[in-house]
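Pasting a structure here, questions to come.
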Amino acid sequence: MSGVTVGDFEISLIRHSIHWWDGGAFFGVVPKTLWSQKTEADELNRIPAGFNCYLVRTGSHTILVETGAGDKHDARARERMRLPPESEPLPETIARHGFDPESIDIVINSHLHWDHCGGNTVLCEGGARPAFPRARYFAARGEWEHAHQRLSRDGVSYIDANYDPLVLSGQMTLVPGDTEVVPGVWMRRAPGHNRDMMAITAESRGRTFCFFSDLVPTTAHVQPTWVMAFDLYPLECIENKTKWLGAAQAGDWICGFAHDPQVAFARITDHPKTKFAAVPL
Ligand SMILES: [Zn+2]
């Protein structure tokens, strides 16, 4: 199922493409004997992962959550991810899903790693131009500041052309913390993957859609201790996953995942062994 109704809101998955990334990096300290029961690795130990974006149509606004990987990687990097030499531009993918990319008036980035905001802009002569010219863009100020620190641990995750031109032109708003972007649509800090990553919720008529971003990147990661090797704060990640997945289970939320290669939406239930389980819609 690629689209759901949540109260008055319509939510749709836009899976920009599938890439392949190291399975060990995705599952951290979890032994391969366990994670390989959830997903199959290729001969280079890579597993398939989606660049998943979600479109939230509220009736008044059309909001794009995340913009995928974009077009700024060289041939070697694309080959490493098993991506074709060129990606379809994200607006074309959106149009192919039956939506007018011009209707997007808000873009939200959960954080600024290239795989979440790479499609914000398109490279052109003399710099980068917005891929969604009509939209106001939103990201967390702390994350933008962190991106510019270029720490040795995660500096490689940031490409300034994905956000700096938008910040400079005033098209991107950097929010200081939890923010209601439009009525019912929230960015809320959910640290763990990094310090200022935001989870996105869309709440209407008592129903909630939640995009966990990299706090719970795929349905295979709902077990709280299954955190990625990328996560800067694994203990905080476990704590916040437990909190957010607990809320999702208690509130019967419909959930979306940044990198699941198959599932578009799932509910969260209790599980006697793994604490939580994902039930795809
Ligand atoms: Zn990611």
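Just so you know, these numbers use all the heavy atoms, side chains as well, and skip hydrogens, waters and symmetry mates. In each ligand, atom 1 is the first atom listed, and ligand 1 is the first ligand listed.
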- Nearest to the Zn ion (ligand 1) - the N/O/S atom of D115, by atom name: OD2
- Query: Among the N, O or S atoms that H259 has, which is closest to the Zn ion (ligand 1)?
  - Reply: NE2
- Message: Just so I know, are the side chains of K241 and F212 near enough to count as touching, which here means a heavy-atom distance under 4.5 Å?
- Response: no
- Item | Note: R189-D196 ion pair, threshold 4.0 Å (strictly below) | yes
- Which of the N/O/S atoms in D214 sits closest to the Zn ion (ligand 1)? OD2
- Message: For H97 together with H16, are the ring centres under 6.0 Å from each other?
- Response: no
- Y163 side chain reached by Y137 side chain, heavy atoms, under 4.5 Å: no
- Query: Just wondering, is there an N, O or S atom on H111 that's nearer than 2.8 Å to the Zn ion (ligand 1)?
  - Reply: no
